[in-house]
J.: 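Just passing along the structure, written as structure tokens.
Bear in mind the structure is a predicted one, so any value in this text is a computation, not a measurement. The figures that follow rest on heavy atoms only: side chains count, while hydrogens, waters and symmetry mates do not.
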Amino acid sequence: MALHVMDEANHCLGCKNPRCQQGCPIHTNIPEVIRLLKANKLNEAGRMLFENNPLTTVCSLVCNHENQCEGHCIRGIKGAPVHFSVIENYISSTYASQMVAGPAKPNGKRTAIIGAGPAGLTIAVILARYGYDVTIFEAHDKIGGVLRYGIPEFRLPKSVLDDFEYRHLRLKGIKVRPNTDIGKAITLEDLFRDGYKAVFIGTGVWNPNALHIKGESLGNVHFAINYLQNPDVYHLGSHVVIIGAGNAAMDVARTAIRHGTRHVLCVSITKKIAASDYEASYARLEGVEFLYNKKPVEITDKGVVLRDLDEAEDGTLTERPGTEMLYPADSVVVSISQGPTMTIAENEKKIETNARGLFVTDEVGRTTMPGVFASGDAVKGARTVVEAVAYSKKVAEAMHEYMQTLPADPPDEYANVPVAKLEDGN
């Protein structure tokens, strides 16, 4: 067993009122997990992690631990907190190889999951545990959503998602239809016609927000979410300016450096960047520079023109005309968050959306169309992975409760027709 993992485990005080658990959006029973590990009950600890959070291997790597479990640890008040991320990753990745159980006993009911991101995967796993026949419809060629197409390999190895697909989907009998965009050739009505008792929508937010300034359509300008999906096809050059300073901007900056860019400048409109301290510290360590209180006013073939902003104590920003300056760049990347994919909303008039294009739901994910539920970024806007998991657990239980009131499918009317005998070609 890795010594540093046990060092962290032994550092835990086992608090009766665990602040770490309170700080975790999904309320992982951290003291009990650590207690089981220290008692050499690694499999029991792993089972507890996965039953609470199907995406525990992912969250151990990409969660904002500094503001959640580790940020609430009582040890961190006067020193270093217990780094539960290290413990969780060790337990979950080690125990994952033991997960070889097949599908649960079928309950005779079919359910559809639209989108294989964090929300969709969470709900698919939970409903499969109840015995539902689950099919995931994914617009991309592989599962993961933002986990695969929005988080760089150096932060979340694709092998983690590939293992998830094997352990949680294929072994559990969950079917996946890749490259299938619901709302076009197949509609929600088609799904209900084919016997799906309930439908979950977790399509995420894939449409980049634009600056709406002159020069944004030039060939040297790119959007962060597009770049992160496949950075290998981009040629950003030696000097890159990134408009935005959130975690996605940090991912773009660090990815660009790994692809040969030598000078990266991140621009924040405020005096404090939006990225987590951990992500920002890694970016600085790798040579990324930051500019504060600057607003982009125009993008040119030579770079981006920025104007100074005065920031009051209450956060109010005021532009200072006459302070414009051109910051040279081979490429400019716009990273100011994303909006929802509108395919379903535009074609399904029974589902209400708000002014931002997000699905309107109640507290457990019910949309305005009976039998259709939604959660994740398509409801809340861009949030963290663990927040999506936490909310989606509630939605999964609501879907289960709803489908329990519905009858199972009647027998297939063609179950007894003759079966054609086909030549095998030999």
Side-chain angles (χ1 to χ4, degrees), residues 5 9 12 14 18 20-63 65 68-69 84-107 111 113 116-134 136 143 147 160-161 163-174 200 202 364-365 375-376 384-401 403-404:
V5 172
C12 177
C20 55
Q21 186 173 357
Q22 297 167 16
C24 173
I26 204 167
H27 302 299
T28 300
N29 192 341
I30 294 171
E32 180 62 12
V33 169
I34 292 176
R35 187 193 69 78
L36 289 170
L37 176 66
K38 291 166 67 174
N40 292 323
K41 297 180 179 180
L42 186 146
N43 284 354
E44 290 184 33
R47 191 177 304 112
M48 177 176 285
L49 285 174
F50 277 102
E51 286 180 356
N52 179 63
N53 179 4
L55 291 176
T56 180
T57 49
V58 172
C59 289
S60 70
L61 295 171
V62 303
C63 262
H65 300 99
Q68 294 172 357
C69 56
F84 182 67
S85 55
V86 174
I87 299 171
E88 181 182 16
N89 182 253
Y90 176 79
I91 295 174
S92 61
S93 59
T94 304
Y95 174 71
S97 62
Q98 308 296 317
M99 303 178 71
V100 294
K105 182 180 178 180
N107 65 14
T111 186
I113 308 295
L121 294 177
T122 298
I123 291 176
V125 170
I126 293 174
L127 293 182
R129 290 173 182 170
Y130 282 121
Y132 291 99
D133 181 352
V134 180
I136 299 175
I143 66 130
L147 302 176
V160 173
L161 299 174
D163 185 70
F164 180 96
E165 181 173 12
Y166 175 70
R167 302 287 174 190
H168 289 279
L169 305 186
R170 281 189 277 164
L171 282 181
K172 301 297 185 290
I174 297 173
F200 169 76
V364 290
S375 79
T384 65
V385 175
V386 72
E387 286 175 323
V389 173
Y391 183 52
S392 296
K393 287 178 65 176
K394 298 178 182 178
V395 177
E397 294 302 324
M399 292 180 69
H400 173 56
E401 182 179 343
M403 288 187 284
Q404 286 296 98

J.: Is any side-chain heavy atom of Thr57 closer than 4.5 Å to a side-chain heavy atom of Glu88?
T.: no

J.: Using the side-chain contact (heavy atoms from CB on, under 4.5 Å) rule, take Leu37 and Val5 through it: C-alpha gap first, then chi angles, then the decisive distance, then the call.
T.: CA-CA 10 Å; Leu37 176 66; Val5 172; 4.0 Å; yes

J.: How far apart are the closest heavy atoms of Ala124 and Ile113, and which atoms are they?
T.: CB-CG1, 4.1 Å

J.: CD1/Ile30 to CD/Gln22 distance, rounded to the nearest 0.5 angstrom?
T.: 10.5 Å

J.: Are side-chain heavy atoms of Asn52 and Asn29 found at a separation under 4.5 Å?
T.: no

J.: Who passes side chain to side chain contact (heavy atoms under 4.5 Å, CB included) against Cys63, sequence neighbours left out?
T.: Cys59, His65, Gln68, Val386

J.: Kindly give the heavy-atom pair with the smallest separation between Tyr391 and Gly365, and that separation in Å.
T.: OH-N, 3.4 Å

J.: Rounded to the nearest 0.5 Å, what separates atom CD1 in Ile136 from atom CG in Leu169?
T.: 5.0 Å

J.: For Lys38, does the NZ atom have more than 12 heavy-atom neighbours from other residues, nucleotides or ligands under 6.0 Å away?
T.: yes

J.: Nearest 0.5 Å please: distance from the CG atom of Leu121 over to the CD1 atom of Ile126.
T.: 11.0 Å

J.: Measuring from Met48:CE to Thr56:OG1, what's the distance to the nearest 0.5 Å?
T.: 12.0 Å

J.: So if I apply the side chain to side chain contact (heavy atoms under 4.5 Å, CB included) rule between Tyr130 and each of Gln404, Met399, Met403, Glu397, which one comes out positive?
T.: Glu397

J.: Is there a side-chain contact between Val58 and Phe164 (heavy atoms, below 4.5 Å)?
T.: no

J.: Would you say the side chain of Cys69 lies within less than 4.5 Å of the side chain of Ser85, judging by non-hydrogen atoms?
T.: no

J.: Identify the two heavy atoms, one from Pro18 and one from Pro31, that lie closest to each other, and give their separation to 0.1 Å.
T.: CB-CG, 3.5 Å

J.: For side-chain contact (heavy atoms from CB on, under 4.5 Å), just list the numbers for His168 and Met99, CA-CA rounded to whole Å, side-chain angles, deciding distance to a tenth of an Å, and then say yes or no.
T.: CA-CA 8 Å; His168 289 279; Met99 303 178 71; 3.4 Å; yes

J.: Could you grab the distance from atom CG of Leu61 to atom OG of Ser92, nearest 0.5 Å is fine?
T.: 7.5 Å

J.: For Ala119 versus Gly376, what's the shortest heavy-atom pair and its separation?
T.: CB-CA, 3.9 Å

J.: Taking all atoms of both residues into account, what is the closest heavy-atom pair of Asn89 and Ser60, and its distance?
T.: ND2-OG, 3.1 Å

J.: Any salt bridge linking Glu32 with Arg35? Criterion: basic side-chain nitrogen under 4.0 Å from a carboxylate oxygen.
T.: yes

J.: Stepwise, does the side-chain contact (heavy atoms from CB on, under 4.5 Å) test hold for Lys393 with Ile123?
T.: CA-CA 7 Å; Lys393 287 178 65 176; Ile123 291 176; over 6 Å; no

J.: Go through the steps for Phe200 and Leu127 under the test side-chain contact (heavy atoms from CB on, under 4.5 Å), then give the verdict.
T.: CA-CA 11 Å; Phe200 169 76; Leu127 293 182; over 6 Å; no

J.: Under a 3.5 Å distance rule, please check whether Lys172 uses its side chain to pair with a backbone N or O of Ala104 as donor and acceptor.
T.: no

J.: With a 4.5 Å cut-off on side-chain heavy atoms, are Tyr95 and Leu49 touching?
T.: no

J.: Contact between Val125 and Phe50 at the side-chain level, heavy atoms closer than 4.5 Å - yes or no?
T.: no

J.: Starting at OG1 of Thr94, measure out to CG of Asn43 and round the result to the nearest 0.5 Å.
T.: 9.5 Å

